[in-house]
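Remember, it's a predicted structure, so these values are computed and weren't measured experimentally. All values below come from the heavy atoms of this structure, side chains included, with hydrogens, waters and symmetry mates left out.
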Amino acid sequence: MYPRPPEAKMYFGPQFQSERRQVYRLMHQIYTLLNSGEWSVCYARIGENYRMQEMFGLNPDSVGFCEPIDQIMYIDPCCDVLATLIHECLHAIFPDKTEDDIIKLEEMIMRHLTPTQARRLHMISAEALIY
């Protein structure tokens, strides 16, 4: 057997396992949110839609946002759709968290997301799509 390199501890140590468990729980919450039928997903060109930016008070660089009254998540299809979908779902689940907290959770999920979780998220979000 070959010895494990020292940096392997960084990837498979206790923090890694703790984050994986947290990602598993967060992904379960995201699946539940999208499966509930309460929230919908709409693809819209946010960066080019000045009317939408003005109506919702968005920054021209925005790639997604949650509209809590109608419970619709708007995602710009010209961006990283998966990361944006996760980000907006986190806003819907945790409406009181700050943008920085949501970004940290999104980055942690994206670091640990498995191909199976990504496929499942795409399949579930497809059922929540509206036009």
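Looking only at side-chain heavy atoms (C-beta outward), I46 and F56 stay at 4.5 Å or farther from each other. Counting heavy atoms from C-beta outward, R20 and T114 have side chains that approach closer than 4.5 Å.
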Practice problem: Begin from the C-alpha positions of M123 and E127 and carry the test side chain to side chain contact (heavy atoms under 4.5 Å, CB included) through to its verdict. | Solution: CA-CA 7 Å; M123 289 170 51; E127 294 177 16; 5.8 Å; no

Exercise. I would like to know whether Q29 and L90 meet side chain to side chain contact (heavy atoms under 4.5 Å, CB included); could you show each step before the answer?
Key: CA-CA 9 Å; Q29 288 178 286; L90 291 170; over 6 Å; no

Self-check item: Residues F65, H87; criterion side chain to side chain contact (heavy atoms under 4.5 Å, CB included); working and verdict
Solution: CA-CA 9 Å; F65 70 97; H87 182 95; over 6 Å; no

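Separation of atoms CD (Q22) and NE2 (H112) is listed at 9.0 Å; rounding is to 0.5 Å. Here NE2 of H91 is found 12.0 Å from CG of D96. Values are rounded to the nearest 0.5 Å. Considering CD of Q53 and CE of M55, their distance stands at 11.0 Å, rounded to 0.5 Å. The structure places SG of C79 at 10.5 Å from CZ of R45, a figure rounded to the nearest 0.5 Å. Between atom CD of residue Q117 and atom NE2 of residue H28 there is a gap of 12.5 Å, rounded to the nearest 0.5 Å. Atom CG of residue L85 and atom CG of residue L34 lie 6.0 Å apart, to the nearest 0.5 angstrom.
Across P77 and A44, no two heavy atoms sit closer than the pair CD-O, 3.4 Å. When all heavy atoms of D76 and V81 are compared, the closest pair comes out as O-CG2, 4.2 Å. Contact detail for V23 and M108: the closest heavy-atom pair is CG2-O, 3.8 Å.
Residues in residues 98-115 take part in these salt bridge (Lys or Arg N to Asp or Glu O under 4.0 Å) pairs, two or more places apart or across chains: E19-R111.
A donor-acceptor contact under 3.5 angstrom links the side chains of T116 and R119, judged on distance only.
In the hydrophobic clustering of this structure, L58 does not group with M73; members are Ile, Leu, Val, Met, Phe, Trp, Tyr whose side-chain heavy atoms approach within less than 4.5 Å, directly or through other members. Both V41 and L113 belong to a common hydrophobic cluster when Ile, Leu, Val, Met, Phe, Trp and Tyr are linked at side-chain heavy-atom distances under 4.5 angstrom. Hydrophobic clustering (side-chain heavy atoms under 4.5 Å, transitive across Ile, Leu, Val, Met, Phe, Trp, Tyr) keeps I72 apart from I93. With hydrophobic clusters built from ILVMFWY side chains whose heavy atoms lie under 4.5 angstrom apart, L82 shares a cluster with W39. Residues L121 and Y24 fall into different hydrophobic clusters, defined by Ile, Leu, Val, Met, Phe, Trp and Tyr side chains chained together at heavy-atom separations under 4.5 Å.
Counting only distance, with no hydrogens or angles, the side chain of S36 and the backbone of L33 share a donor-acceptor pair below 3.5 Å.
Tested against Y74, the residues S40, C66, S62, C42 include a single side chain to side chain contact (heavy atoms under 4.5 Å, CB included) partner, C42. The side chain to side chain contact (heavy atoms under 4.5 Å, CB included) with I30 is formed by just one residue from the set I86, I124, N35; it is I86.
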